[in-house]
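Written below as structure tokens is the structure these notes are about.
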Amino acid sequence: MMFAVKGTFVDTPLIGAYRTRVGYAVVDSGVCLGVFSTLPIEYSNIDIKDYGNSLIIPGMSDLHLHAPQYSYCGTAMDVQLLEWLEKYTYPEEGRYSDIEYAKKGYANFVKDLKNTTTTRAVIFATIHNDATLELMKQLDEAGFVAYVGKLNMNRNAPDYYCEKSVEQGMKDTRAWIEKCNFKNVKPIITPRFTPSVTDDYMCELGKLARETGLGMQSHLNENRDEIKWVKALCPDSKHYSDTYDRYGLFGGECPTVMAHCIYCTKEEDELIKKNGVYIAHCPTSNENVLAGIAPAGYYLRNGYHIGLGSDVAGGHTLSLLDVMATSVQVSKLRSLYVDNSIRPLSMAEAFYMATVGGGSFFGKVGLFEKGYEFDAVVIDDANPDNPMEFAIEERIERLAYLGCGNIIHKFIKGA
Ligand code: GUN
Ligand code: FE
């Protein structure tokens, strides 16, 4: 139940500033009791896992990704979002109606997710109940903490991958929720995005959220053509955010993650902040499907909840270390070409988003602090061939830019 981890702990209790401590983290029943420079006498009998000079960082939370898209990750980069969905996404997600295909695809996904710094994730599956339950089972068995959504989609989709009626969709969604009996993997309501979900369906999903207390995830203001489309589909809505908010699916009582938020209006920003909606910043995906660059620095520095998302397979990598580096890079381009009043992100700010920024969606997660759940990744980044010595912040930078380092152990809730 109780043990100590010895090593070099790096986290970001304050936005943009690393904290480094060498010592012992004491863990009891999955929860950190504190980090101590010497092991307090009352813990002198507990087991100590000594990781020497390795870096120990908080487990990362991926706030947005599509597990069934992992099979085509790293391909399909020739078109922008709306065409990409039609040409690549729907055909592949449709294949998950076949449970054998789903088992294989999700096993491949979970296997590779294990080899990343991610310990928690908020995930889109497909419209299929059985395949979604299979994904949840595999994630749970692998020890991940996750919210997973069976997709809701009843319009603007091909016949083979479209729910036939609101009644059937609600029936399936309720049946799926009832079967979600996993330890650390929970359901989340998942209307794909407004163009995929009719108003009456969205309304029923809002009722379901109130009835069950479940959260929701979706996409918001990712692409200019998408925004025009939403205006045409919902002419009486105040803005894109309102197409969720008017059904009670936009924060407040309904914990919400919205992916992208690249083109939000001032009014939408105010609503996001007031309702405590989490923003999943997905810069690798935003580059690949030609979406744009979100003002992540603005959100981070002005009291919004923001974390990072790999958005696989719009994003080409499951590695949030890669996504961190890209978030810094694109923030520089944004400051040059879009708005120089927002200074570029620092790597410490990106690290904050990847750890405690997204982690807080799951509760006390993302710091080595008394009372926080102990999610930690131990990385051996030693390179005896390099004559240069690196400071801690440089070691983190190198992990993000070079991907160097071996993950030698991962703790999720202390396990
Ligand atoms: N908007 C609606 N569906 C998707 C998706 O699968 N990926 C991305 N990036 N955006 C979307
Ligand atoms: Fe997405």
Side-chain angles (χ1 to χ4, degrees), residues 61 63-66 122-124 147-156 166 169-170 173 177 186-223 226-282 291 294-296 298-300 302-309 311 357-358 360-363:
S61 291
L63 284 190
H64 181 74
L65 75 159
H66 302 258
V122 188
I123 302 176
F124 280 56
Y147 291 103
V148 174
K150 168 219 149 9
L151 265 187
N152 302 107
M153 172 152 83
N154 73 333
R155 68 173 167 187
N156 296 314
V166 174
M170 290 309 298
T173 303
I177 291 168
K186 307 287 175 206
I188 185 166
I189 296 170
T190 306
R192 172 167 223 124
F193 66 158
T194 300
S196 305
V197 179
T198 55
D199 279 348
D200 51 344
Y201 201 8
M202 201 73 89
C203 179
E204 290 304 315
L205 293 171
K207 287 185 203 159
L208 182 65
R210 283 188 290 288
E211 185 186 312
T212 56
L214 294 178
M216 80 82 87
Q217 61 177 344
S218 197
H219 297 87
L220 182 66
N221 288 320
E222 177 179 8
N223 169 295
E226 169 211 21
I227 295 166
K228 278 189 214 142
W229 196 13
V230 170
K231 267 208 182 93
L233 289 165
C234 308
D236 56 338
S237 63
K238 277 184 268 177
H239 37 58
Y240 194 161
S241 302
D242 187 45
T243 64
Y244 303 114
D245 185 50
R246 59 185 169 173
Y247 300 115
L249 291 168
F250 204 71
E253 296 291 298
C254 178
T256 294
V257 180
M258 282 292 160
H260 310 304
C261 301
I262 299 174
Y263 303 106
C264 292
T265 63
K266 248 200 161 87
E267 208 182 325
E268 291 181 281
D269 279 349
E270 281 164 15
L271 193 63
I272 286 170
K273 193 166 178 178
K274 177 168 136 267
N275 289 4
V277 169
Y278 274 70
I279 297 163
H281 178 43
C282 308
Y298 169 78
Y299 288 131
L300 181 67
N302 289 282
Y304 293 75
H305 292 299
I306 179 168
L308 295 181
D311 195 19
S360 64
F361 187 71
F362 294 87

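Because only heavy atoms are used, hydrogens play no part in the values below, and waters and symmetry mates are left out as well, while side chains stay in.
- In plain terms, the two heavy atoms of Arg210 and Gly248 that are nearest each other are NH1-CA, 3.8 Å.
- Among all heavy-atom pairs drawn from Ser360 and Gly357, the shortest one is OG-O, 3.1 Å.
- Across Leu214 and Pro255, no two heavy atoms sit closer than the pair O-CD, 4.4 Å.
- In this structure, Pro295 and Cys261 approach most closely via the heavy-atom pair CD-O, 3.9 Å.
- Between Tyr240 and Tyr263, the distance separating the two ring centers is not shorter than 6.0 angstrom.
- Of all non-hydrogen atoms in Ser218 and Pro191, the two that sit nearest each other are OG-O, 2.7 Å.
- Counting only N and O atoms by type, the side chains of Asn275 and Thr256 include no donor and acceptor under 3.5 Å apart.
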Decide side chain to side chain contact (heavy atoms under 4.5 Å, CB included) for Met170 and Tyr201; before the verdict, give the C-alpha distance in whole Å, the side-chain angles of both, and the deciding distance to 0.1 Å.
CA-CA 8 Å; Met170 290 309 298; Tyr201 201 8; 3.6 Å; yes

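- In this structure, His260 and Cys282 have side chains that are in contact, with non-hydrogen atoms separated by less than 4.5 Å.
- The aromatic rings of Phe362 and Tyr147 lie parallel to each other, with less than 30° between the two planes, well short of the 60° mark.
- A distance of 9.0 Å separates CG of Asp269 from CG of Asn221, quoted to the nearest 0.5 Å.
- Shown are Val197, Thr198, Val166, Asn152; of these, the side chain to side chain contact (heavy atoms under 4.5 Å, CB included) with Glu204 is made only by Val166.
- Rounded to the nearest 0.5 Å, atoms SG (Cys234) and NE2 (His239) are 12.5 Å apart.
- Note that CG of Leu151 is 8.0 Å distant from NE2 of His66, once rounded to the nearest 0.5 Å.
- Side chains of Val277 and Leu220 form no contact here, defined as non-hydrogen atoms less than 4.5 Å apart.
- A donor-acceptor distance shorter than 3.5 angstrom exists from the side chain of Tyr244 to the backbone of Thr194, with no hydrogens or angles considered.
- In this structure, OH in Tyr247 is found 15.5 Å from CG in Leu208, a value given to the nearest 0.5 Å.
- For Ser241 (side chain) and Glu268 (main-chain N/O), no donor-acceptor pair under 3.5 Å exists by modelled atom type.
- Looking at Asp236 and Arg246, their side chains come closer than 4.5 Å, going by heavy atoms from C-beta outward.
- Side-chain atoms of Ser196 do not come within 3.5 Å of backbone N or O of Arg155 as any donor-acceptor pair.
- Separating the CD1 atom in Ile188 from the SG atom in Cys254 is a distance of 7.5 Å, to the nearest 0.5 Å.
- Aromatic pair His219/Phe124: centroids less than 6.0 angstrom apart.
- Two residues are said to be in side-chain contact when any heavy atoms from C-beta on lie closer than 4.5 Å; Leu233 and Thr243 fail this criterion.
- Minimum interatomic distance between Ala280 and Leu63 (heavy atoms only, all atoms of both residues): CB-CB, 3.8 Å.
- Below 30°, between 30° and 60°, or above 60°: for Tyr304 and Tyr298 the angle between ring planes is between 30° and 60°, a tilted geometry.
- The NE2 atom of His64 sits 10.5 Å away from atom CE of Met258, with the distance rounded to the nearest 0.5 Å.
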